[in-house]
Structures are given as structure tokens and as C-alpha cells.
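All heavy atoms count here, side chains included; hydrogens, waters and symmetry mates do not.
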Amino acid sequence: MKKIGSLVLVMFLFASAVVGQTEAEEREAIAATVQLYFDGMVQRDRNKLDQAFDANARLIGFRGENFTVTPYEQWASGTAQGTPRNPADFDNRLINIEFKGYMASATTELFWPGVYYYDYLTLLKIDGQWKIVHKSWIEEKR
């Protein structure tokens with residue numbers, strides 16, 4: 001009987017370690033997707049933005065008092081135009097990640113010259129890759 005109890009305990013601990021490792025790996029993959037979003041904006045790199053976002057994503061938020069709904073294609077095309085920005089001028093932070101199965105949310109803060117952005121990102125794991133499918137955001141002028 002003691003052997004069975006010990007075996008169950010060992011199996012439980014092993015399963016816990018495997019689940020913990022998988023959770024850590026998923027969090028790293030989600031964080032990597034958010035970093036592609038950050039890098040794509042600062043570097044004006046359309047390829048990185050396309051890696052981070054699903055093509056059907058929507059960006060919904062407030063520019064000042066104005067409510068805006070922007071399809072991903074329109075936003076990415078505008079964001080990728082121009083010369084890369086100086087990374088030293090930007091402080092982009094991933095504040096929190098929550099996930100369950102193939103769904104995740106990430107909270108970000110972006111401190112840019114003259115404006116702070118606060119994002120709530122919704123991500124889905126599509127074909128094995130985490131993709132941002134929705135961005136809700138607000139801005140505060142500084």
C-alpha cells in the first residue's frame with residue numbers, strides 16, 4: 001500500500017512539473033508575440049507586426065475622446081511607414097499575462113514621447129502560434 005501511495009505522489013509531482021513547464025513555455029511564447037508587436041512598432045517592421053497579429057485583428061480604443069475602430073491591415077500599413085524610430089525614446093512594458101488553453105490576455109504600457117498608451121491584448125493560439133486578435137487601448141497625453 002505504501003508503494004502505491006509513493007507512486008501516486010511521484011506521478012503527481014511529475015505531472016505538476018510538466019504542467020508548470022508547459023505553462024512557463026506558453027507564457028514565454030505569449031511574451032515573445034507581444035515583443036514582436038513592440039519591436040514592429042518601434043522599428044516600423046511590417047514583418048514583425050504580421051508575426052504578432054492575426055490578419056483579421058481589430059484595434060479598438062480612444063484617441064483622446066474619439067472612439068476608433070481600425071482593421072489590422074489599415075493600422076499595420078500606417079505603422080510600418082517611415083524610418084525606424086529610436087528605441088531609446090520608447091519604453092514598452094508587458095505588465096501581465098493570463099491564459100487558459102488557446103486563449104490569452106496581455107496588459108501592456110507603452111511610454112512614448114508625449115503620450116502613454118495602455119493596451120489590453122487578446123491573443124489566440126492559431127495553428128500553434130500565439131497571435132494578437134484584438135487590441136483595446138487608450139492614450140494619455142503627457
Side-chain angles (χ1 to χ4, degrees), residues 3-142:
K3 287 184 180 183
I4 293 174
S6 296
L7 181 60
V8 169
L9 178 61
V10 168
M11 290 175 56
F12 174 76
L13 291 174
F14 177 74
S16 296
V18 170
V19 168
Q21 183 179 12
T22 301
E23 181 176 330
E25 290 171 352
E26 293 295 354
R27 286 184 185 282
E28 287 177 19
I30 293 163
T33 297
V34 174
Q35 189 62 49
L36 283 167
Y37 158 54
F38 290 162
D39 293 345
M41 285 191 305
V42 172
Q43 298 167 8
R44 297 187 186 270
D45 185 328
R46 178 61 190 261
N47 184 50
K48 288 182 179 179
L49 294 173
D50 287 347
Q51 289 177 60
F53 283 82
D54 181 74
N56 296 304
R58 293 285 182 263
L59 296 84
I60 300 174
F62 285 90
R63 185 167 303 284
E65 297 295 319
N66 297 320
F67 176 70
T68 65
V69 178
T70 309
Y72 170 72
E73 177 59 37
Q74 179 184 345
W75 175 81
S77 294
T79 299
Q81 290 183 359
T83 59
R85 298 173 171 109
N86 180 359
D89 294 337
F90 301 86
D91 183 13
N92 300 321
R93 300 177 188 176
L94 174 57
I95 303 302
N96 187 48
I97 294 173
E98 294 185 27
F99 77 96
K100 182 74 172 171
Y102 295 111
M103 177 179 62
S105 66
T107 305
T108 67
E109 295 178 346
L110 300 87
F111 302 108
W112 288 32
V115 65
Y116 291 169
Y117 294 100
Y118 301 93
D119 298 340
Y120 292 133
L121 307 173
T122 302
L123 300 90
L124 295 176
K125 193 169 188 182
I126 303 168
D127 297 328
Q129 300 292 315
W130 286 101
K131 295 283 189 171
I132 300 167
V133 296
H134 180 85
K135 171 181 160 177
S136 294
W137 60 278
I138 61 166
E139 69 175 16
E140 291 180 3
K141 299 289 183 190
R142 297 291 171 172

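- Evaluation of the salt bridge (Lys or Arg N to Asp or Glu O under 4.0 Å) rule for Asp54 yields no partner, not counting sequence neighbours.
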Exercise for the section: Given side chain to side chain contact (heavy atoms under 4.5 Å, CB included), test Tyr117 with Glu140 step by step and report yes or no. Expected result: CA-CA 6 Å; Tyr117 294 100; Glu140 291 180 3; over 6 Å; no
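- Taking NZ of Lys125 as the start and CD of Glu26 as the end, the distance is 3.5 Å to the nearest 0.5 Å.
- A salt bridge links Arg46 with Asp50: the closest approach of a Lys/Arg side-chain nitrogen to an acidic carboxylate oxygen falls below 4.0 angstrom.
- For the residue pair Gln81 and Ser77, no side-chain donor N or O sits within less than 3.5 Å of a side-chain acceptor on the partner.
- Using a 4.0 Å cut-off between charged side-chain N and carboxylate O, Arg27 and Glu25 make no salt bridge.
- Put simply, NE2 on His134 and CG on Leu121 are 9.0 Å apart, with the number rounded to the nearest 0.5 Å.
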Under 3.5 Å donor-acceptor pairs involving side-chain atoms of residues 107-114, not counting sequence neighbours:
unit_1: Thr108; atom_1: OG1; unit_2: Asp119; atom_2: OD2; d: 3.2
unit_1: Trp112; atom_1: NE1; unit_2: Asn92; atom_2: OD1; d: 2.8

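- Across Ala52 and Leu36, no two heavy atoms sit closer than the pair CB-CB, 3.9 Å.
- Here the CD1-CG distance, from Ile132 to Leu123, works out to 5.0 Å after rounding to the nearest 0.5 Å.
- Smallest separation of non-hydrogen atoms from Gly78 and Arg44: O-NH1, 4.3 Å.
- The CG atom of Leu49 sits 9.0 Å away from atom OH of Tyr37, with the distance rounded to the nearest 0.5 Å.
- In this structure the side chain of Arg63 reaches within 4.5 angstrom of the side chain of Glu139, judged on heavy atoms.
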Exercise for the section: Run the numbers on Thr122 and Tyr120 for side chain to side chain contact (heavy atoms under 4.5 Å, CB included), then give the verdict. Expected result: CA-CA 7 Å; Thr122 302; Tyr120 292 133; over 6 Å; no
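- In this view, Lys48 satisfies the salt bridge (Lys or Arg N to Asp or Glu O under 4.0 Å) rule with no residue, not counting sequence neighbours.
- Side-chain atoms of Arg142 never come within 3.5 Å of backbone atoms of Tyr116 as a donor-acceptor pair (strictly under, hydrogens ignored).
- For CD of Gln35, the number of neighbouring non-hydrogen atoms (other residues, nucleotides, ligands) closer than 6.0 Å is greater than 12.
- In terms of the side-chain hydrogen bond (donor to acceptor under 3.5 Å, both in side chains) criterion, residue partners of Thr79 (sequence neighbours excluded) are, by chain and number, Trp75.
- Between Ile60 and Thr68 there is no side-chain heavy-atom pair separated by less than 4.5 Å.
- Residues meeting the side-chain contact (heavy atoms from CB on, under 4.5 Å) test with Ala57, sequence neighbours left out: Phe53, Tyr72.
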Counting only pairs under 3.5 Å, give me each side-chain donor-acceptor contact of residues 94-103, with atom names and distances, residues two or more places apart or in other chains.
unit_1: Asn96; atom_1: ND2; unit_2: Glu98; atom_2: OE2; d: 3.3

